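The structure under discussion appears below in the form of structure tokens.
Letters go in sequence order (proteins before strands), and every chain restarts at 1. All values reported here derive from a predicted model rather than from experimental measurement.
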Amino acid sequence: MTVQRHVAVMACVLAATALFTAFCHDQFLLSLAFTGLIFAVLGQSWNWISGYAGQVSFGHALFFGTGAYASALFATHHGSPWLALACGAAVAVVLALLVGFPCFALRGHYFSIATIAVAAIAEIVVVNTDALGKANGFELPILPPGLASLQFAGKAPYVLVALVLFAAAQIATVALEHSRTGYYLRAIRANQEAAASVGVDARAVKVTAFAGAAAFAALAGSLYAQQTLFVDAESTLGLSVSIAIALVGVVGGIGTVWGPPLGAFVYTFLARYVAALYGGHGRGFDLLLYGALILAIVSVQPEGIAGIARRFRART
Amino acid sequence: MSDEPLLRVRGLEKRFGELRALDGFDLDVAEGRLTALIGPNGAGKTTAFACIAGAQRPSAGSVRFKGREVAGLPYHRIARLGVARTYQVVQTFDAMSVVEAVTVGALLRRPKLSEARAWADEILGFVGLHAKRTMLGRSLTIADKKRLELARALSTEPRLILLDEVMAGLTPTECADAVKLLRSILARGVTILMVEHVMEVLMPLADRVVVLAAGKPIFAGSPQAAAADPLVIEAYLGRP
């Protein structure tokens with residue numbers, strides 16, 4: 001897609017979400033929209049390293065959790081939530097550099113396994129640290145609502161704040177696609193050795209993308225914590241979170257600008273909405289449905305929903 | 001140091017366990033010329049390329065490029081210094097379009113994407129692949145894949161280009177086209193070191209031939225002298 005097309009689609013998505021937020025009074029639907037946007041940002045940041053560069057990470061929750069805990073710590077110690085956003089992102093970048101340099105010496109499955117291990121270590125450290133609430137987690141103190149506290153009375157303002165972050169992630173992704181780093185990431189995915197033969201320092205390029213992705217994931221984690229006002233290790237650092245992020249990317253379509261948002265939409269609205277509908281008596285029905293969807297997509301169209309859309313466009 | 005050739009290799013060794021793929025390999029490549037590296041299968045030609053370009057780390061020995069020691073430097077660093085290569089078994093970016101793949105190379109000297117793409121288009125015109133610029137790498141024929149690799153290597157504006165069997169598997173017509181292309185690459189001032197099996201291609205083209213056998217150079221001189229040298233004949237055909 002050309003940049004103009006991306007801008008047009010972006011404008012439509014932003015307008016539709018803003019309108020929905022303005023006229024929807026169902027707090028449950030609004031919280032779904034919020035979750036969807038958070039997962040879109042997570043899936044998109046995962047997509048940078050696992051989609052464009054083809055280095056599949058199953059530890060992306062590490063950065064999400066970093067942001068979430070930054071918010072929780074700042075709120076409990078009377079710090080500004082905006083400072084928490086900045087600090088969470090900065091710590092995530094440092095973590096990405098520390099984790100990235102050794103892990104990107106590995107390729108393929110070995111890299112994936114290393115990412116699982118690193119996130120698991122982080123989870124264990126948090127569960128055993130008093131200052132981080134151990135396994136019980138944190139309740140964020142409830143503050144007077146407003147932009148200063150980044151806490152709001154209803155769900156709608158949260159959706160709008162998440163929408164801003166989502167727009168930033170989309171713009172960054174389009175910019176990445178049209179940059180030297182974006183081309184290098186795709187070349188590395190296609191053939192790392194051939195990329196090196198034309199001067200691409202594969203490890204440096206991957207670490208750069210990883211650091212940027214970590215910052216976005218941390219920002220998403222901070223906003224998530226501001227909205228739920230509760231943070232614990234399992235729900236922010238757990239393997240299930242990392243897998244959910246990866247699935248959002250895969251279902252939507254890796255290595256595309258609009259794949260992760262589509263994947264996030266399907267994940268939250270289909271899976272979570274159905275889960276809520278059948279809540280008590282249909283336990284696991286959502287997982288069944290989501291699992292079936294993943295099987296269908298992976299076997300029929302490995303490029304995800306965005307791939308189906310592309311194929312459809314090519315035919316018409 | 002002004003009399004030092006563009007590329008000077010001395011005592012290069014590459015061991016894989018007990019196997020000595022390169023065992024005291026020496027080579028001089030003069031600037032602006034076409035030097036051919038020939039030898040029977042398994043002589044170590046591709047290993048020599050890999051060690052010079054930095055894809056493999058030599059076990060011992062010296063590789064000087066532009067008067068600077070480069071042996072053991074990372075692959076991408078040597079590429080940045082001005083050494084480009086093609087592969088014996090083509091290594092294209094299958095999921096990228098032709099113009100995108102060449103742009104990856106062009107970005108080395110032109111960090112701005114618009115300039116890199118314009119340069120990539122120019123190089124594609126030069127190798128005769130411009131009409132197929134939007135095709136995916138994987139859907140090209142072997143001959144076009146080889147052209148694509150050549151374009152990608154040239155797009156980095158190398159001083160020295162290492163060509164590993166660019167003629168292999170080409171039809172006679174395609175071979176003739178490739179020879180024309182090699183001449184125009186030389187005309188651009190790019191120095192060529194090539195591994196080639198097709199001797200009749202090399203004869204009129206090469207300024208100098210180096211013959212490699214069992215990891216050692218056994219001959220260096222003009223192509224005509226190589227064809228007449230008893231050691232070279234023995235290496236290819238065996239002792240009479």
Side-chain angles (χ1 to χ4, degrees), chain A residues 1-4 6 47 50-56 101 104-105 107 172-209 253-256 259 301-304 306-307 310-311 313-314, chain B residues 49-50 52-56 73-87 89-97 99-117 120 123 136-138 145 148-158 161-162 164:
Chain A
M1 283 210 286
T2 61
V3 175
Q4 289 88 333
H6 283 305
N47 183 38
S50 302
Y52 288 101
Q55 313 294 313
V56 177
F101 270 102
F104 284 126
R107 289 198 213 173
T173 307
V174 174
L176 181 72
E177 268 201 357
H178 292 84
S179 74
R180 169 143 95 166
T181 305
Y183 271 71
Y184 280 2
L185 289 174
R186 289 167 62 208
I188 288 166
R189 176 176 162 201
N191 190 328
Q192 183 164 328
E193 159 130 3
S197 82
V198 291
V200 177
D201 184 349
R203 204 198 278 202
V205 173
K206 284 190 270 191
V207 169
T208 306
I254 58 169
T256 65
Q301 177 53 273
E303 287 166 39
R310 190 185 298 159
R311 198 195 275 178
R313 260 210 323 276
Chain B
F49 265 28
I52 293 168
Q56 288 177 12
L73 280 185
Y75 202 6
H76 64 270
R77 291 272 306 279
I78 295 180
R80 288 176 189 179
L81 289 172
V83 179
R85 72 177 291 201
T86 67
Y87 290 87
V89 180
V90 286
Q91 305 281 333
T92 44
F93 300 139
D94 282 348
M96 299 178 93
S97 73
V99 67
E100 284 173 340
V102 180
T103 302
V104 172
L107 282 163
L108 181 61
R109 312 275 179 225
R110 290 168 172 75
K112 271 195 73 179
L113 186 63
S114 55
E115 288 169 19
R117 283 193 72 116
I123 293 290
L136 285 184
R138 69 163 75 91
K145 281 186 180 178
L148 174 56
E149 276 209 336
L150 193 59
R152 186 178 67 199
L154 285 173
S155 68
T156 65
E157 294 176 79
I161 189 164
L162 311 178
D164 200 346

So which of A95(B), A55(B), P74(B), P111(B) has the biggest tally of heavy-atom pairs under 4.5 Å with chain A? P111(B)
Looking only at heavy atoms, what is the nearest atom pair of L113(B) and Y183(A), with distance? CD1-CE1, 3.4 Å
Looking at G255(A), G182(A), A195(A), G199(A), which one has more heavy-atom pairs under 4.5 Å with chain B than the rest? G199(A)
What part of T92(B) is in contact with chain A, defined as an atom under 4.5 angstrom from a non-hydrogen atom: side chain, backbone, both or neither? backbone
Here the pair of heavy atoms bringing A196(A) nearest to A79(B) is O-CB, 3.8 Å
One option among A190(A), A187(A), A202(A) has the most heavy-atom pairs under 4.5 Å with chain B, and it is A187(A)
Closest-packed option against chain A by number of heavy-atom pairs under 4.5 Å, given K112(B), R117(B), R110(B): R117(B)
Taking all atoms of both residues into account, what is the closest heavy-atom pair of R85(B) and S197(A), and its distance? CG-CB, 4.3 Å
Is there side-chain contact between V198(A) and L108(B), with heavy atoms separated by less than 4.5 Å? no
R80(B) and D201(A), any side-chain heavy atoms less than 4.5 Å apart: yes
Would you name the heavy atoms of E193(A) and Y87(B) that are closest together and state the gap between them? CG-OH, 3.2 Å
With side chains defined as the heavy atoms from C-beta onward, is the minimum distance between Q192(A) and Y75(B) less than 4.5 Å? no
